[in-house]
Amino acid sequence: MDSCIFCKIASGEIATSFVYEDDLTVAFKDLQPQAPIHVLLIPRRHIASLNEANDPQLQGHLLLAARRAAEKIGLKQYRLVINTGPDAGQSVFHLHLHILGGRQMNWPPG
Ligand code: 5GP
Ligand code: ZN
């Protein structure tokens, strides 16, 4: 999708260093990290949010890729977050998993 910032990152139009990538996903550091390690994992193809996702294989792959990305960046303990919709805190409408780690996480989240 032309106007989508994460599509531009995935395609290389915005040069970004990937901490992990495979045929279906890429992962890169969040611009405004909320933890010592804060990486975003996205599908290469545009899906606006989890509510628009309808591909069980890709959705399963995202979890596997999240674990592989965490492993690659040396995180053994981490939190995965998928904000879905503005009330949940979603601000970029290209499906993404936050991979957060490197500090004690609190519950409940804000
Ligand atoms: P959301 O609020 O949609 O769950 O998460 C969007 C995340 O994308 C935010 O944590 C924000 O800091 C990050 N972000 C927004 N624009 C960019 C960008 O251009 N590059 C990177 N690396 N992260 C971004
Ligand atoms: Zn997109």
Side-chain angles (χ1 to χ4, degrees):
M1 194 185 149
D2 286 354
S3 61
C4 172
I5 188 107
F6 285 0
C7 280
K8 289 180 182 169
I9 288 174
S11 71
E13 189 182 334
I14 296 176
T16 305
S17 151
F18 297 142
V19 300
Y20 170 87
E21 65 180 307
D22 61 35
D23 53 338
L24 299 175
T25 71
V26 300
F28 51 91
K29 289 182 183 169
D30 195 291
L31 203 58
Q32 291 183 290
Q34 302 300 318
I37 299 173
H38 186 174
V39 161
L40 301 171
L41 175 78
I42 67 171
R44 287 182 185 270
R45 76 174 166 85
H46 184 82
I47 299 171
S49 84
L50 194 58
N51 284 343
E52 281 74 35
N54 193 24
D55 181 341
Q57 205 174 343
L58 175 61
Q59 287 161 246
H61 181 80
L62 281 167
L63 274 187
L64 186 61
R67 191 186 74 194
R68 288 178 176 157
E71 248 167 37
K72 189 160 177 223
I73 57 185
L75 273 183
K76 289 195 169 67
Q77 303 184 62
Y78 51 89
R79 179 173 289 177
L80 298 181
V81 173
I82 305 177
N83 296 324
T84 305
D87 285 359
Q90 185 175 6
S91 60
V92 177
F93 286 82
H94 179 129
L95 175 61
H96 51 281
L97 282 73
H98 296 260
I99 305 173
L100 297 144
R103 66 166 167 82
Q104 180 66 49
M105 296 292 162
N106 301 314
W107 197 264

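Start at 1 and go down the list; that is how both ligands and their atoms are numbered. These numbers were taken from a predicted model, which means no experiment stands behind them.
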Tightest non-hydrogen contact, residues Q90 and V92, listed as NE2-O, 3.0 Å
Can you give me the closest heavy-atom contact between Q34 and L100, atom names plus distance? CB-CD2, 4.2 Å
Could you see which bit of F93 sits under 4.0 Å from ligand 1, with heavy atoms only: side chain, backbone, both or neither? neither
Counting heavy atoms only, which part of H96 comes closer than 4.0 Å to ligand 1: side chain, backbone, both or neither? side chain
Can you list the atoms of ligand 1 that are under 4.0 Å from a heavy atom of F28? 21 (C), 22 (N)
Between I9, L31, N83, I14, which one has a non-hydrogen atom sitting closest to atom 23 (N) of ligand 1? L31
Ignoring hydrogens, just give me the one of V92, I5, D30, T16 whose non-hydrogen atom is nearest atom 7 (C) of ligand 1. D30
Would a 4.5 Å heavy-atom cut-off, applied to side chains only, mark [X] and [Y] as touching?
X: Y78; Y: R67; result: yes
X: R44; Y: E21; result: yes
X: L58; Y: R45; result: yes

Please report whether ligand 1 has a polar contact with G89, defined as an N or O pair separated by less than 3.5 Å (distance criterion only). yes
Return the residue, atom name and 0.1 Å-rounded distance of the protein heavy atom closest to atom 3 (O) of ligand 1. S91 N, 2.6 Å
Nearest protein heavy atom with distance in Å, relative to atom 22 (N) of ligand 1: K29 O, 2.8 Å
Any heavy atom of H98 closer to ligand 1 than 4.0 angstrom? yes
Tell me if the aromatic rings of H94 and H96 count as close, with their centers under 6.0 Å from one another. no
Protein-side N, O or S atoms sitting under 2.8 Å from the Zn ion (ligand 2) are C4 SG, C7 SG, H46 ND1, H94 ND1
Output the distance between atom CZ (R103) and atom CZ (R79), rounded to the nearest 0.5 Å. 7.5 Å
A66: partners by side-chain contact (heavy atoms from CB on, under 4.5 Å), with sequence neighbours left out: L41, L80, L97, I99
Mutual orientation of the aromatic rings belonging to F28 and F6 [parallel < 30°, tilted 30-60°, perpendicular > 60°]: perpendicular
Would L95 and L62 count as a side chain to side chain contact (heavy atoms under 4.5 Å, CB included) here? Give the steps. CA-CA 10 Å; L95 175 61; L62 281 167; 3.8 Å; yes
